[in-house]
Amino acid sequence: MNKHAYAILDAAEAWNWPAPSCMDTLGSANTASEFKTRLGGSLLERFWSGIEKSHPQLLENVQELKHMPYSSYEDTAQTFYENVDLGSVDFSPVFELAADLFTHIGLAFVNYDDARFWRFFSPLSTLSSNTPVHQSFGNRSEALKVLALKRDGTSCPFSEVPYYGLGGIDPTLTHIIPCSVKSKPETLNCISVIAGNITMESVLQYSNTIDNVLVVEASVAASHRRNCWGLEACENRDDVNHVTYYFKTFETGNTHRTGSVFLRDGDEIIFGQGPEGAQYRNGPHPILCNLRLAVSRALYTSGAVEFISQLMHDADDIDCRRITIKDQQFHEVLSAKLLICGRAQMV
């Protein structure tokens, strides 16, 4: 049913997708059509279930598709729409699934550089009951950075630019899966849907460990936070401890510039070059890498990253401290903040 689903999603542009007013400047952003993941979750089943609930005739047509081998887009679309008046179809179950994915996956997986947003996205476990939150975050980050340097060495695994010293740069810590995801039950549930329970449990287990971090130069970290690229982790069937990592870019041209270095789609990235590489798996956890790769690809290629950036801009209230509850700008800022914090959904 994967190919049938792809065909239906390609035709979904004609559906009347809802969009809140804060999206008007970007047009329609059908992010659900980009979550075509192959991570082993139940998203495909959820999608077909939503379709079947949209119209009695669609329930019958989907059952027919389940027993029909895929041959072409035209055949799938013809069977899907047979005896169906689109004007009488209520696709709200599918739209609700898309809204859940955007709210609890899309927003949660964007790493914000702005410290004001980290207050909402990064509830942290303190080192002691008397440790301030910002100090706890700093101490933990520095500890993870040291471990990552011991694992991967004293140069950036992507650009090979050395850290510190003459002509060197300062290493930047970046998380593969945002550490705040661990404390978001709705996001964890969505991860289970798109990638399975094993992946969700791995996020819970490894999100605050060396398995979930990279130490890279600042330009690499910035493009990773913008979801411009991901890491594909391929495990060796004969040796589960041996993992090969490949750089995967979503930008046109299959190349990505990081500092003065151009990386090509499919370039191998080597971790574990530090003195304690073998002790720390010789690289980040493959499940976390592949989850972030799937999510980042969907966010970037769907335009959701651009939309989220617009939300962040709309939520910026630095220049509007004197607005009142009656002002339209207040409602725009409030709507954007509620969406970003996951307190409201796109409907």
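You'll find the side chain of Asp211 stays beyond 4.5 Å of the side chain of Pro284, heavy atoms only. Proximity of Ser155 to Gln273: side-chain heavy atoms (C-beta onward) are nowhere separated by under 4.5 Å. Under the 4.5 Å side-chain criterion, counting only non-hydrogen atoms from C-beta, His224 is in contact with Arg292. Residues Leu214 and Val220 have side chains not in contact (no heavy-atom distance under 4.5 Å, counting atoms from C-beta outward). Side-chain contact between Cys289 and Glu232 is absent, with no heavy atoms from C-beta onward closer than 4.5 Å.
For the pair Arg226 and Phe109, the cation-pi test (distance below 6.0 Å, angle within 45°) is failed.
With sequence neighbours left out, the side chain to side chain contact (heavy atoms under 4.5 Å, CB included) criterion links Lys53 to Ser49, Pro93. With sequence neighbours excluded, the residues forming a side chain to side chain contact (heavy atoms under 4.5 Å, CB included) with Asn212 are His175, Ile176, Ile177, Ser207, Leu288, listed by chain and number. Among residues two or more places apart in sequence or in another chain, the ring-ring contact (aromatic ring centres under 6.0 Å, His included) test is passed with Tyr245 by Phe271.
The two residues Leu291 and Ile194 come nearest to each other via the heavy atoms CD1-CD1, 4.2 Å. Between Gly153 and Tyr163, the shortest heavy-atom distance links the atoms O-CE1, 4.0 Å. Across all their heavy atoms, Ile269 and Pro157 have their closest contact at CG2-O, 3.8 Å.
Checking side-chain atoms of Thr209 against main-chain N and O of Gln205 turns up no donor-acceptor pair under 3.5 Å. Within the 3.5 Å criterion, the main-chain N or O of His104 finds a donor-acceptor partner in the side chain of Thr187. Using a distance-only test at 3.5 Å, with no hydrogens or angles considered, a donor-acceptor pair links the side chain of Asp265 to the main chain of Thr249. Side-chain atoms of Ser88 do not come within 3.5 Å of backbone N or O of Val84 as any donor-acceptor pair. No donor-acceptor pair under 3.5 Å is formed between the side chain of Ser296 and the backbone N or O of Leu293. No donor-acceptor pair closer than 3.5 Å links the side chain of Asn290 to the backbone N or O of Ile287. Looking at Ser54, its side chain does come within 3.5 Å of a backbone N or O of Asp90 through a donor-acceptor pair. In terms of modelled atom types and a separation under 3.5 Å, the side chain of Asn189 and the main chain of Pro185 share no donor-acceptor contact. Listed for the Lys145 side chain is a donor-acceptor partner under 3.5 Å among the backbone atoms of Pro171.
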Is there a side-chain contact (heavy atoms from CB on, under 4.5 Å) between Tyr164 and Asp170? Walk through the geometry before answering. CA-CA 6 Å; Tyr164 309 118; Asp170 290 335; 4.0 Å; yes
How far apart are the C-alpha atoms of Thr301 and Arg297, what are their side-chain angles, what is the distance that settles it, and do they pass the side chain to side chain donor-acceptor pair (under 3.5 Å) test? CA-CA 6 Å; Thr301 57; Arg297 178 183 286 117; over 6 Å; no
Start with the C-alpha gap between Asn197 and Glu201, add the side-chain angles, then the distance that decides, and say whether side chain to side chain donor-acceptor pair (under 3.5 Å) holds. CA-CA 6 Å; Asn197 288 330; Glu201 291 169 359; 5.7 Å; no
Show your reasoning for whether side chain to side chain donor-acceptor pair (under 3.5 Å) applies to Ser202 and His285. CA-CA 9 Å; Ser202 296; His285 200 290; 4.8 Å; no
Worked check of side-chain contact (heavy atoms from CB on, under 4.5 Å) between Val181 and Leu188: CA-CA 7 Å; Val181 165; Leu188 292 172; 4.2 Å; yes
Starting from the C-alpha separation in whole Å, work towards a yes-or-no answer on side-chain contact (heavy atoms from CB on, under 4.5 Å) for Phe80 and Leu65. CA-CA 7 Å; Phe80 180 76; Leu65 281 177; 4.2 Å; yes
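Every pair tested for salt bridge (Lys or Arg N to Asp or Glu O under 4.0 Å) that includes a residue from residues 151-160 fails, sequence neighbours excluded, so the list is empty. A salt bridge (Lys or Arg N to Asp or Glu O under 4.0 Å) check over residues 65-80, counting only residues at least two apart or in different chains, returns the pairs Glu52-Lys66. Residue pairs meeting the salt bridge (Lys or Arg N to Asp or Glu O under 4.0 Å) criterion with at least one member in residues 187-196: none, sequence neighbours excluded.
Between Phe158 and Trp229, the ring planes lie tilted relative to each other; the angle falls in the 30° to 60° range.
Distance CG/Leu231 to NZ/Lys248: 11.0 Å, rounded to 0.5 Å. We find the CE-CD1 distance between Met200 and Ile191 to be 8.5 Å, quoted to the nearest 0.5 Å. Atom OG1 of Thr174 is separated from atom CD of Glu217 by 12.5 Å, given to the nearest 0.5 angstrom. Between atom CD of residue Glu96 and atom OG1 of residue Thr103 there is a gap of 11.5 Å, rounded to the nearest 0.5 Å. Here the CZ-SG distance, from Phe250 to Cys228, works out to 9.0 Å after rounding to the nearest 0.5 Å. Residue Leu58 holds its CG atom at 8.0 Å from CG of Leu86, rounded to the nearest 0.5 Å.
Cluster annotation: Ile105 and Tyr300 are assigned to distinct hydrophobic clusters (Ile/Leu/Val/Met/Phe/Trp/Tyr, side-chain heavy-atom contacts under 4.5 Å, transitive). By the rule that hydrophobic residues join a cluster once side-chain heavy atoms approach within less than 4.5 Å of another member, Leu43 and Ile198 end up as members of separate clusters. Leu147 and Val215 fall within the same hydrophobic cluster, defined by Ile, Leu, Val, Met, Phe, Trp and Tyr side-chain heavy atoms under 4.5 Å apart, directly or through other members. Put simply, Val213 and Ile270 are part of two different groups of oily side chains (I, L, V, M, F, W, Y) that touch within less than 4.5 Å, one to the next. Cluster annotation: Ile51 and Met68 are assigned to the same hydrophobic cluster (Ile/Leu/Val/Met/Phe/Trp/Tyr, side-chain heavy-atom contacts under 4.5 Å, transitive).
Environment of CD in Gln78: sparse, with no more than 12 heavy atoms of neighbouring residues, nucleotides or ligands closer than 6.0 Å. Heavy atoms of other residues, nucleotides or ligands lying less than 6.0 angstrom from CG of Leu204 number more than 12. Shown here is Lys150, whose NZ atom has no more than 12 heavy atoms of other residues, nucleotides or ligands within 6.0 Å.
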